[in-house]
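Right, one structure below, let's go through it.
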Amino acid sequence: MTTDIKESACRVLEEIFPANDETALAELISDEFVNHEAPPGTPPGLGSVAFYMHLLAGAFADQKWTVHQALAEGDTVAIHCTHSGRHVGDYFGIAPTGRSFSYRQMHLIRFAGGKGVEHWAVRDDAGLMRQLTASPEGPAAQRSRG
């Protein structure tokens, strides 16, 4: 079972999210899914994951999740990965910059009945925001002009 859930968890990140494929997502994520990292107002269940998949697809082109390590024990998978792409659409109020980005993530997904049912994550969101909003010239150039 651990091999199956590990493959399923990796498939969500490596194939389904980049393809923005809600039908394939529904095959691996439960309608009763609980995303412990979702902010208030996020749709419940499978809708939570689909919401963020579509949001990311609208904001970023050339998305890729590179899985560095996936570990499974019992009904849970831990994934260490890097999310990369190019900023081409609005992302939480940040207008498209065209910049490339790459930042690390850790995901913990619990499975039941062959589908993901719970999710926790640790992402370097601050690192992503710095890449999207920092001056292309860097802080030193900004200070010298100031």
- Query: Given the rule in the side-chain contact (heavy atoms from CB on, under 4.5 Å) test, do E37 and W120 qualify, once you have shown the distances and angles that lead to the verdict?
  - Reply: CA-CA 6 Å; E37 306 309 318; W120 298 263; 3.8 Å; yes
- Indicate yes or no: at least one non-hydrogen side-chain atom of V12 is less than 4.5 angstrom from one of F17. yes
- Donor-acceptor under 3.5 Å (T42 side chain, A38 main chain): no
- Verify whether one side chain among E22 and H54 offers a donor that lies under 3.5 Å from an acceptor in the other. yes
- Query: Do you know the tightest heavy-atom contact between L108 and A78?
  - Reply: CD1-CB, 3.9 Å
- Task: Check the hydrophobic clustering (I, L, V, M, F, W, Y; side-chain heavy atoms under 4.5 Å; chains of links allowed) and say if L55 and V49 are grouped together.
- Result: yes
- Task: Evaluate the side-chain proximity of R110 to V34: yes if any heavy-atom separation is below 4.5 Å, no if none is.
- Result: no
- Does E14 reach the side chain of V67, with side-chain heavy atoms less than 4.5 Å apart? yes
- Message: Ignoring hydrogens, what is the shortest heavy-atom contact between P43 and S48? Give both atom names and the distance.
- Response: O-CB, 3.1 Å
- Message: Using the rule given for side-chain contact (heavy atoms from CB on, under 4.5 Å), can you reason through T133 versus I94, listing the C-alpha separation, both sets of side-chain angles and the distance that settles it, and then say yes or no?
- Response: CA-CA 8 Å; T133 61; I94 300 171; 3.8 Å; yes
- Can you check whether H36 and H119 have ring centres sitting under 6.0 Å from each other? no
- If you look at every heavy atom in Y91 and L132, which pair is closest and at what distance? CD2-CD1, 3.8 Å
- Item | Residue from Q105, R104, H107, H68 passing side-chain hydrogen bond (donor to acceptor under 3.5 Å, both in side chains) with H80 | R104
- Item | Ring geometry between F92 and Y52 (parallel below 30°, tilted from 30 to 60°, perpendicular above 60°) | tilted
- Message: Give me the atom names and distance for the closest heavy-atom approach of P18 to L13.
- Response: CD-O, 3.1 Å
- Item | Heavy-atom closest contact (M53 atom, N20 atom, distance) | CG-OD1, 3.5 Å
- Under 3.5 Å, side chain of R99 to main-chain N/O of A134, donor-acceptor pair present? yes
- Note on the structure: For V88 and A61 the tightest heavy-atom approach is CG2-N, 3.7 Å
- Task: Mind checking the CD-NZ spacing from E73 to K6? Nearest 0.5 Å is all I need.
- Result: 12.0 Å
- Item | Co-members of V122 in a cluster of I, L, V, M, F, W and Y side chains, linked at under 4.5 Å | M106
- Task: Any chance you could measure S8, atom OG, to I16, atom CD1, to the nearest 0.5 Å?
- Result: 8.0 Å
- With sequence neighbours excluded, give me every salt bridge (Lys or Arg N to Asp or Glu O under 4.0 Å) pair touching residues 41-58. none
- Item | Within-4.5 Å side-chain heavy-atom neighbours: T82 and S102 | yes
- Query: Do you reckon F51 sits in the same ILVMFWY cluster as L56, going by side-chain contacts under 4.5 Å, direct or chained?
  - Reply: yes
- Message: What I'd like to find out is whether the side chain of D125 reaches to under 4.5 Å of the side chain of Y103, using heavy atoms alone.
- Response: yes
- Crowding at CD, E32 (>12 non-hydrogen neighbours, <6.0 Å): no
- How about K115: does its NZ atom have over 12 heavy atoms from other parts shown lying under 6.0 Å from it? yes
- I109 versus I79: any side-chain heavy-atom pair under 4.5 Å? yes
- Message: Is the distance from the ring center of H83 to that of F101 below 6.0 Å?
- Response: yes
- Any side-chain heavy atom of T97 within less than 4.5 Å of one from R86? no
- Message: What verdict does the side-chain contact (heavy atoms from CB on, under 4.5 Å) test give for E27 and R11, after you've listed the backbone C-alpha separation in whole Å, the side-chain angles of each residue and the deciding distance to 0.1 Å?
- Response: CA-CA 11 Å; E27 294 172 7; R11 182 173 171 231; 3.9 Å; yes
